[in-house]
Engineer: 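My questions will all concern the structure given below.
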Number of protein chains: 2
Amino acid sequence: MTQTAPATAQDLDLESPEAASVNTRERILDAALDLFTEQGFDGTSLRQIAEQLGVTKAALYYHFTSKDDILLALHMRLHEAGRDALVQMGDEPVTLEQWGTLLDQVVDQMLAQRKLFLMHERNQAALEKLHRKDHDAEHEDIQNQFRRVLADERVPLRDRVKMAASVGIVFSGLLLSGEAFADSSNEELGTMLRDIIRDVLRG
Amino acid sequence: MTQTAPATAQDLDLESPEAASVNTRERILDAALDLFTEQGFDGTSLRQIAEQLGVTKAALYYHFTSKDDILLALHMRLHEAGRDALVQMGDEPVTLEQWGTLLDQVVDQMLAQRKLFLMHERNQAALEKLHRKDHDAEHEDIQNQFRRVLADERVPLRDRVKMAASVGIVFSGLLLSGEAFADSSNEELGTMLRDIIRDVLRG
DNA sequence: GTCTATATTTCGATAGAC
DNA sequence: GTCTATCGAAATATAGAC
């Protein structure tokens, strides 16, 4: 799996004076991402994260104020990754063409950051609880933005169902790139998924 | 939301002599299903389930041996619902036609038992941990059965991607029937989803 | 920045009366 | 079948030394 996004530990091998702590912070996030994806947020203890890094529980609290803070930082990773793909979806109704263009980018992001997407899909309950506390400034979450577009009654029902189905196809890629399709490359899968999505939106 | 499956509390209003406990057992499962779906399995305490029913924590232990046992019972609900839809998927490779016929039934089941499907999607970590303990007799889980078919290398890669994408379309219905499409009926949504799936599998 | 040690809370589970 | 009362474990989080 190739990483295209910045801000992961692998990109920061050479360290500037203060990069040691930055590196540690990212290493904590990488370990947490693994564990949260496999065992769930609530099913993972800070002790496990610390053990995987070879430090103690208390060390984590130097880099993060709470366990929720770690989850929030991972949520921000996805939010930043989606910033590019998220065009200005203003108040005008979205067309099927615009939706297709958007999802083409989301497919790429998803294949490049598979674990991050998977973590979000498998910890929706914990993320929602987090969002209830951090209701500062109406974060305008990606997921909410998607929901808002799909709920727009100015778009014909049939088109909205097509748009939702296309989203489902994107996330089927999470299932795909897991184990059943380990032999095929991301580019191959991405091309096929985009083809199917295009047919659905135009058909 | 219309319930088509048996074994929910609503179906058992008139009680036979021993139906009181049966009814309570199902009422516990209904409450747990709501809470596990909204807050997650690990994010829900037995105290919350008991409170919603107007009983105490200890009462739950008369009907279930553990918290995991409650989750397992809910998992069985889905397994029974899927028994009908699950044709004999033996060792022969599955054709696109067979897959379409199977998913037509799954769409119906999903729309009729939306919360049960949603709970499974949102608690995969807890369910996997449960399955690791209960590895008795290789339960042949529905999810594993799906994965096995999609991993069958005798089926062309392109067809397998189509089959996986179709599964994604089915589960997009979970997103759909949530709030954005509350006005449209389940039959309407089911018909549209089936149409899209058919086009994807044949296209 | 990381450690040891501990405070505090909450949860799952059990015992025994009724 | 349901209750009160409680146990023991594990978790998050903090305090303070180094």
Side-chain angles (χ1 to χ4, degrees), chain A residues 9 12 15-32 35-36 38-75 123 125-127 129-130 132-134, chain B residues 9 12 15-36 38-75 123 125-127 129-130 132-134:
Chain A
L12 299 168
E15 357 207 313
S16 53
E18 71 283 357
S21 69
V22 173
N23 205 329
T24 299
R25 193 189 144 92
E26 297 303 321
R27 281 179 62 231
I28 293 172
L29 289 179
D30 288 340
L35 292 168
F36 291 171
E38 293 166 14
Q39 309 179 342
F41 175 74
D42 289 303
T44 302
S45 67
L46 294 176
R47 198 192 104 266
Q48 282 180 297
I49 299 175
E51 260 179 13
Q52 182 152 321
L53 284 160
V55 298
T56 62
K57 231 175 16 171
L60 305 181
Y61 280 93
Y62 177 81
H63 299 276
F64 298 93
T65 68
S66 67
K67 189 186 179 185
D68 281 359
D69 194 31
I70 298 179
L71 183 61
L72 183 63
L74 288 174
H75 179 63
N123 290 285
L127 285 161
K129 185 179 287 183
L130 194 70
R132 268 168 225 144
K133 294 184 184 176
D134 275 3
Chain B
L12 300 168
E15 356 206 310
S16 52
E18 72 281 359
S21 69
V22 173
N23 203 329
T24 299
R25 194 188 144 92
E26 297 302 323
R27 280 178 64 228
I28 293 172
L29 289 179
D30 288 339
L33 178 58
D34 283 347
L35 291 168
F36 291 171
E38 293 165 14
Q39 309 179 340
F41 175 75
D42 289 302
T44 302
S45 66
L46 294 177
R47 197 192 106 265
Q48 281 179 296
I49 299 175
E51 259 178 14
Q52 182 151 323
L53 285 160
V55 296
T56 61
K57 219 175 28 170
L60 304 181
Y61 280 93
Y62 176 83
H63 299 276
F64 298 94
T65 69
S66 68
K67 189 186 180 186
D68 280 358
D69 194 31
I70 298 179
L71 183 61
L72 184 63
L74 287 173
H75 179 64
N123 290 284
L127 284 161
K129 186 179 285 183
L130 193 71
R132 269 168 223 142
K133 296 184 184 177
D134 275 3

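Chain letters run A, B, ... following the sequence lines, proteins first, then strands; residues in each count from 1. Hydrogens, waters and symmetry mates play no part in the numbers below; they use all other heavy atoms, side chains included.
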Engineer: Where each residue is assigned the nucleotide of DNA chain D containing its nearest heavy atom, which of Leu46(A) and Ala59(B) is assigned the position nearer the 5′ end?
Structural biologist: Ala59(B)
Engineer: Hey, does Leu71(B) have a side-chain heavy atom less than 4.5 Å from the side chain of His75(B)?
Structural biologist: no
Engineer: For the residue pair Phe36(A) and Leu29(A), establish whether any side-chain heavy-atom pair is separated by less than 4.5 Å.
Structural biologist: no
Engineer: Can you figure out which of dA11(D), dT4(D), dA13(D) approaches the side chain of Lys57(A) most closely?
Structural biologist: dA13(D)
Engineer: Between C1' on dG12(C) and CG on Asp42(B), what's the gap in Å once rounded to a whole number?
Structural biologist: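 So the two atoms are 12 Å apart, to the nearest Å.
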Engineer: To the nearest Å, how far apart are Asp68(A) CG and dA11(D) C1'?
Structural biologist: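 Rounded to the whole Å, the gap is 13 Å.
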Engineer: Nearest whole angstrom, please: distance from the C1' of dA10(D) to the CD of Glu51(A).
Structural biologist: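 Spelled out: CD on Glu51(A) to C1' on dA10(D) is 13 Å.
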Engineer: By the 4.0 Å heavy-atom rule, please label Thr56(B) as base, sugar-phosphate, or nothing.
Structural biologist: base
Engineer: Can you tell me how far C1' of dT10(C) sits from CD of Gln48(B), to the nearest Å?
Structural biologist: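 Taking CD of Gln48(B) and C1' of dT10(C), I get 12 Å after rounding.
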Engineer: Under the 3.5 angstrom rule, does the side chain of Gln48(B) hit a backbone N or O of Ser45(B) as a donor-acceptor pair?
Structural biologist: yes
Engineer: Report the distance from atom CG of Leu53(A) to atom P of dC3(C), rounded to the nearest whole Å.
Structural biologist: 10 Å
Engineer: Ala58(A) has a side chain; which of dA13(D), dT4(C), dT2(D) sits nearest to it?
Structural biologist: dT4(C)
Engineer: Rounded off to whole Å, could you give me the CZ-to-P distance for the Phe64(B) and dC11(C) pair?
Structural biologist: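 The answer, rounded to whole Å, is 20 Å.
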Engineer: Rounded to whole Å, how long is the line connecting atom CD1 of Ile49(B) with atom C1' of dG12(C)?
Structural biologist: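 Rounding to the nearest Å, CD1 of Ile49(B) and C1' of dG12(C) are 11 Å apart.
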Engineer: Quick one: is dT2(C) close enough that its OP1 or OP2 comes under 4.0 Å of any side-chain N or O from Tyr62(A)?
Structural biologist: no
Engineer: Could you walk me through whether Phe41(A) and Ile70(A) pass the side-chain contact (heavy atoms from CB on, under 4.5 Å) test, one step at a time?
Structural biologist: CA-CA 10 Å; Phe41(A) 175 74; Ile70(A) 298 179; 5.9 Å; no
Engineer: In whole angstroms, how far is the P atom of dT4(C) from the OH atom of Tyr61(A)?
Structural biologist: 16 Å
